[in-house]
Amino acid sequence: MKRRGFVPNVRTYATMMNGYAAVEDWATYSQQLESVHAVYAQLKQHIEEPHNLVHDAAGASFVLYPISLYISILGKAGKYQKAFDVFHELDADGPLAPHAKVYSSLLSVLADRVASPGTEPEVVAQSVSDAKYAWRRHMRSLEKGLQDHVEPRSVDAIIKVLSRGEPQDHELMFDILRDICGLPRPAGEDQPPPPSSSSPSPPRPPPKVAPTRWILGATLDGCIAAGHPDKAVHYAQSVMSSRELRAILGPWHLQKFLYAHILLAKEGSTSSARGENAAEWVEWMTAPGRGRNNNNEKLALPPPNENTVVSALELCYRCEDAESALRIARAVLQQQGPMHGSMPVTAWVYLLKLAIVALREEQRRCLELLNAYGSFLDVWESSSALRRLEPLEKKAYVSLALCIVQVLRTVPPSLPPDQDGTGRLGADAELGQSKPEVWSDLRRRAESFLEKYHK
């Protein structure tokens, strides 16, 4: 362009950087990366001439857009220190001070740098330090009125970085969630008003950044990575309890929520409230019409997947909560969609393991569900179908057969179809009442399968 007498403007550089930014892996593009560096050097020369920005229709602030793209490119190319140096060279204030997109680009680069669990400790420490420096500069620019907003991507990234840091970094992460996103800390952790103050504490200002599904996902992962599964449960439940925020929930959040619960159960915290908590989520996520927002617009959010269902029933098993397990199984089996009328074999194993130690009426209800939705057990009679199963699937079928035999050592009592033994309408009354011979046949099939399997 220059050889032909055309003078590039900021839009020219932005267009070029935008094209380069589409490259995800720079490992095989070293020559093109040199061209990117050359374009940035020319951009610097362009903005060092004040008259260029005065006469540039894009304006002085637009020049930060190609700079934010350059920082992102450097991160994808693994040039982390250079990305930070580019940021650090920008003005501390004035029209060429970093704006929200520059901060989000740099923080995202640092988050990607520490994303691998095998990242060296010194690299993590340096990235955390750089991220805190950038975040504090961003907050100071907001306080001074130099910036007017925070990008959601910046919050997502700073959470990912701080979760890899030390305990004091985790505290900063929780403060950001409270002060920027309006997500309160667990009860008792927020600082009370000074004792001398007699006036009521002022209401909290509206959040600077409304929580998004990505911020929530990073929060749950960050709490777990930082060794605080209890806080992951707290933040997930805070969103679940908010009518305004429920729309951001997805199956992946439920999976993380359940994993945090399971970690706590493994540590010995096996309150039945954990199972009840999981049942509430599964029932909500499988309920008809749940995939619509407050404007009755359809949301493209799938129901819980098979891994999530297994995790939910594993949690109930660890907490010895058969009632919540039955709620989860019914919600999954009776939902519409790909999993309608089906449930993973491993999930059935956890349900029947619970039935072994459950009350007699709970045993009956587990077995009635299995009888109603147990067509998958036909694989026991098909040698060819068994051969097609993966080893872990075969192991699950064996475990299920063993559980069935153990539960059916004695035939469960029959109850009137409108009662479940507690005086309430039976939760599984629509399944009917199986006769004793049905249970005998189910046990015979399980024993026959075990004999064939062990031959």
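None of the values given here were measured: they were computed from a predicted structure.
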State whether a side-chain donor-acceptor pair under 3.5 Å links [X] with [Y].
X: Q237; Y: N277; value: yes
X: E276; Y: S324; value: no
X: E320; Y: T270; value: no
X: Y65; Y: H99; value: no
X: E267; Y: S269; value: no

Does the pair [X]/[Y] count as a salt bridge with the N-to-O cut at 4.0 Å?
X: R365; Y: E323; answer: yes
X: D221; Y: K256; answer: yes
X: R178; Y: D175; answer: yes
X: K44; Y: E89; answer: yes

Is there a donor-acceptor pair under 3.5 Å between the side chain of [X] and the backbone N or O of [Y]?
X: S104; Y: S154; value: no
X: S242; Y: S238; value: no
X: Q363; Y: A355; value: yes
X: H138; Y: A100; value: no
X: R246; Y: M240; value: yes
X: T119; Y: S116; value: yes
X: K160; Y: A218; value: no
X: R164; Y: V114; value: yes

Next item on the list: Evaluate the criterion side chain to side chain contact (heavy atoms under 4.5 Å, CB included) for residue pair V233 and H261; output intermediate values, then yes/no.
Entry: CA-CA 7 Å; V233 170; H261 264 309; 3.7 Å; yes
[X] versus [Y]: any side-chain heavy-atom pair under 4.5 Å?
X: N307; Y: Q255; answer: yes
X: L69; Y: K101; answer: no
X: L313; Y: T346; answer: no
X: L386; Y: F449; answer: yes
X: V239; Y: Y235; answer: no
X: W214; Y: R153; answer: no
X: T212; Y: I248; answer: no
X: H37; Y: L74; answer: yes

Once you round to the nearest 0.5 Å, how far does [atom1] of [X] lie from [atom2] of [Y]?
X: I224; Y: Y259; atom1: CD1; atom2: OH; answer: 6.5 Å
X: R318; Y: L315; atom1: CZ; atom2: CG; answer: 9.0 Å
X: F257; Y: L216; atom1: CZ; atom2: CG; answer: 11.0 Å
X: L162; Y: I176; atom1: CG; atom2: CD1; answer: 5.0 Å
X: L106; Y: L110; atom1: CG; atom2: CG; answer: 4.5 Å
X: I73; Y: S68; atom1: CD1; atom2: OG; answer: 9.5 Å

Notebook entry, point to check: If you count the non-hydrogen atoms of other residues, nucleotides and ligands that lie under 6.0 Å from CD in Q31, is the total more than 12?
Noted result: no
Item checked: Residues, nucleotides or ligands: over 12 heavy atoms within 6.0 Å of Y20 OH -> yes
Checklist line | Stepwise side chain to side chain contact (heavy atoms under 4.5 Å, CB included) check, L245 with L183 | finding: CA-CA 11 Å; L245 296 179; L183 294 175; 4.1 Å; yes
Using every non-hydrogen atom in the two residues, find where [X] and [Y] come nearest and quote the distance to one decimal.
X: A210; Y: I215; answer: O-CD1, 4.2 Å
X: V209; Y: P152; answer: CG1-CA, 3.9 Å
X: S72; Y: S105; answer: OG-OG, 3.4 Å
X: G182; Y: P184; answer: O-CD, 3.3 Å
X: S272; Y: D321; answer: O-OD2, 3.1 Å
X: P344; Y: E306; answer: CG-CB, 3.5 Å

Check: residues 390-401 side-chain donor-acceptor pairs under 3.5 Å, at least two apart:
{"residue": "E393", "atom": "OE1", "partner": "E390", "partner atom": "N", "Å": "2.9"}
{"residue": "Y397", "atom": "OH", "partner": "F376", "partner atom": "O", "Å": "3.4"}
{"residue": "S399", "atom": "OG", "partner": "K395", "partner atom": "O", "Å": "3.1"}

Next item on the list: Could you label the plane-to-plane angle of the W26 and Y29 rings as parallel, tilted or perpendicular, counting under 30° as parallel and over 60° as perpendicular?
Entry: perpendicular
Checklist line | F87 and Y133 aromatic ring geometry - parallel, tilted or perpendicular at 30°/60° bounds | finding: perpendicular
Item checked: Pairs satisfying ring pair (Phe, Tyr, Trp, His ring centres under 6.0 Å), at least one member in residues 147-170, at least two apart -> H170-H228
Next item on the list: For D230, enumerate each residue passing the side-chain hydrogen bond (donor to acceptor under 3.5 Å, both in side chains) test, keeping only those at least two apart in sequence or located in another chain.
Entry: none
Next item on the list: Might you work through the side chain to side chain contact (heavy atoms under 4.5 Å, CB included) test for M285 and H253, ending with a clear yes or no?
Entry: CA-CA 11 Å; M285 300 194 80; H253 298 125; over 6 Å; no
If you look only at distance, which donor and acceptor atoms sit under 3.5 Å apart when one is on a side chain in residues 120-127 and the other is two or more places apart or in another chain?
{"residue": "Q126", "atom": "NE2", "partner": "D130", "partner atom": "OD1", "Å": "2.9"}
{"residue": "S127", "atom": "OG", "partner": "R113", "partner atom": "NH1", "Å": "3.4"}
{"residue": "S127", "atom": "OG", "partner": "V123", "partner atom": "O", "Å": "2.9"}

Margin query: Taking side chain to side chain contact (heavy atoms under 4.5 Å, CB included) as the definition, give me every residue that meets it alongside A312, ordered by chain and number, with sequence neighbours left out.
Written below: L258, V282, I328
Margin query: Let's go through L352 and L367 carefully: what are the C-alpha distance in whole Å and the side-chain angles of both, what is the deciding distance for side chain to side chain contact (heavy atoms under 4.5 Å, CB included) to 0.1 Å, and is it a yes or a no?
Written below: CA-CA 8 Å; L352 269 292; L367 289 167; 4.1 Å; yes
Notebook entry, point to check: For K132, what residues pass the salt bridge (charged side-chain N to carboxylate O under 4.0 Å, His left out) criterion, not counting sequence neighbours?
Noted result: D169
